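Everything numeric here is computed off the predicted structure, so don't read it as measured data.
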Amino acid sequence: MTLAKRAEMLHVIDTLTTHYLKGKVRAVRLAVIALLSGGHILLEDIPGLGKTTLALALAKALGLSFGRVQCTSDLLPSDITGLSIFNREENRFTFIPGPVFNNIVLVDEVNRAMPKTQSALLEAMEERRVTVEGTTHQLPGPFLVMATQNPMEQVGTYPLPESQLDRFLVRSGIGYPPEAIEKAIIKGGSIREGIKGLAPLVGVADILEAQRCVREQIYLSDKVVDYIYALVAASRNHKAIASGISTRGAIGMAEAAKAHAYLEGRDYTVPEDVKAVAVPVGGHRLILSVEDENLDKGDLLHAILNTIPVPLA
């Protein structure tokens with residue numbers, strides 16, 4: 001069995017995690033799963049752990065165009081989507097595309113932007129297009145938004161609206177690297193210059209072919225669908241959860257499970273694929289009841305997952 005472009009995508013993951021992003025295997029793998037599933041990823045952690053570096057390295061390795069938005073409290077929606085300016089020579093308005101017109105868009109510290117600006121990302125992330133001054137513009141493909149978010153406790157942050165959180169296929173932290181790796185990073189210094197010289201390992205055609213393979217050739221059995229449904233239904237009926245995983249979240253879980261199976265070298269999904277992506281895909285979609293709002297959503301979803309019987313093959 002040969003899965004189209006799987007070897008190339010594994011080469012990207014191995015190269016990044018071996019030479020540039022040591023200790024960040026899980027985050028890199030989840031970013032690739034989001035890309036292969038046609039979704040977006042939210043990286044949430046304290047500053048200084050490599051969220052921006054991961055986005056830069058992934059864009060370089062994939063050979064995709066890259067745009068970056070540094071969010072501040074005065075950032076306007078047009079700073080992301082673009083705007084029309086008057087061209088005196090041609091006596092007409094000309095549209096100037098914003099950074100969202102790239103294959104990979106890094107939205108750095110997204111929760112420092114005003115809610116109105118955060119909402120400007122919604123159409124781009126969901127519809128793969130933006131509408132400016134009544135005109136709709138199609139975004140390039142593949143298209144991946146990698147947003148970073150600082151913890152809510154930090155000053156000057158605006159919580160992402162629930163509707164926007166639901167549009168991220170995956171949410172992941174970065175975490176501190178293991179001691180030996182962190183010491184090597186401290187000794188070696190910043191790797192930003194090294195990333196700038198990283199040659200593309202794949203091209204647009206390779207990524208589109210890999211996405212097509214995940215979408216069309218990875219089999220999702222009825223038993224696995226039942227397993228996903230049992231999980232989302234349990235999240236909706238749990239006493240600590242006011243609102244469980246949405247249908248969009250369930251679809252995302254299925255797509256991410258297919259991408260995980262693809263990377264594992266199978267053309268069919270198994271319950272272990274769902275288990276591997278359940279928390280990154282479902283955790284951030286849970287809305288806890290007021291009296292349980294301090295619970296960890298990941299731990300809660302893990303506990304629910306452990307109560308769901310695994311279907312037999």
*Got more than 12 heavy atoms from elsewhere within 6.0 Å of CD, E291?*
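Count over threshold, so yes.
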
*asked:* For the OH atom on Y229, are there more than 12 heavy atoms of other groups (residues, nucleotides or ligands in this structure) within a distance under 6.0 Å?
replied: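 No, the 6.0 Å shell around OH holds no more than 12 heavy atoms from other groups.
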
*Check the angle between the aromatic planes of F95 and H137 and answer parallel, tilted or perpendicular using the 30° and 60° thresholds.*
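Because their plane-to-plane angle is under 30°, the rings of F95 and H137 count as parallel.
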
*With sequence neighbours excluded, what pairs up with P77 under the side-chain contact (heavy atoms from CB on, under 4.5 Å) test?*
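Scan of P77 (side-chain contact (heavy atoms from CB on, under 4.5 Å), adjacent residues dropped) gives K116, T117, A120.
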
_Once side-chain contact (heavy atoms from CB on, under 4.5 Å) is applied, do any residues pair with S243, and if so which ones, sequence neighbours excluded?_
I287

Is a side-chain donor or acceptor of [X] paired with a backbone partner of [Y] at a separation under 3.5 angstrom?
{"X": "R285", "Y": "D166", "result": "yes"}
{"X": "S37", "Y": "A259", "result": "no"}
{"X": "N103", "Y": "S65", "result": "yes"}
{"X": "N102", "Y": "V105", "result": "no"}
{"X": "N87", "Y": "E90", "result": "yes"}

*Taking the six-membered ring for Trp, is the centroid-to-centroid distance between Y268 and Y262 below 6.0 Å?*
no

*Check whether the ring centres of F168 and H284 lie less than 6.0 Å apart, and answer yes or no.*
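No - the distance between ring centres of F168 and H284 does not fall below the 6.0 Å cut-off.
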
Note: [X]-[Y] ion pair, threshold 4.0 Å (strictly below):
{"X": "D292", "Y": "K239", "answer": "no"}
{"X": "D108", "Y": "R68", "answer": "yes"}
{"X": "E126", "Y": "R248", "answer": "yes"}

Heavy atoms only: give me the nearest [X]-[Y] pair and the separation to one decimal.
{"X": "I104", "Y": "A59", "result": "CD1-CA, 3.7 Å"}
{"X": "P142", "Y": "I207", "result": "CG-CG2, 3.8 Å"}
{"X": "R128", "Y": "F143", "result": "NH1-O, 3.2 Å"}

_Full working for side-chain hydrogen bond (donor to acceptor under 3.5 Å, both in side chains) between E109 and Q149_ = CA-CA 5 Å; E109 299 186 298; Q149 175 170 261; over 6 Å; no

*Can you tell me if S84 and E133 form a side-chain donor-acceptor pair at under 3.5 Å?*
yes

Table please: side-chain donor-acceptor pairs of residues 18-35 below 3.5 Å, with sequence neighbours left out.
unit_1, atom_1, unit_2, atom_2, d
T18, OG1, D14, O, 2.6
R29, NH2, E264, OE2, 2.7

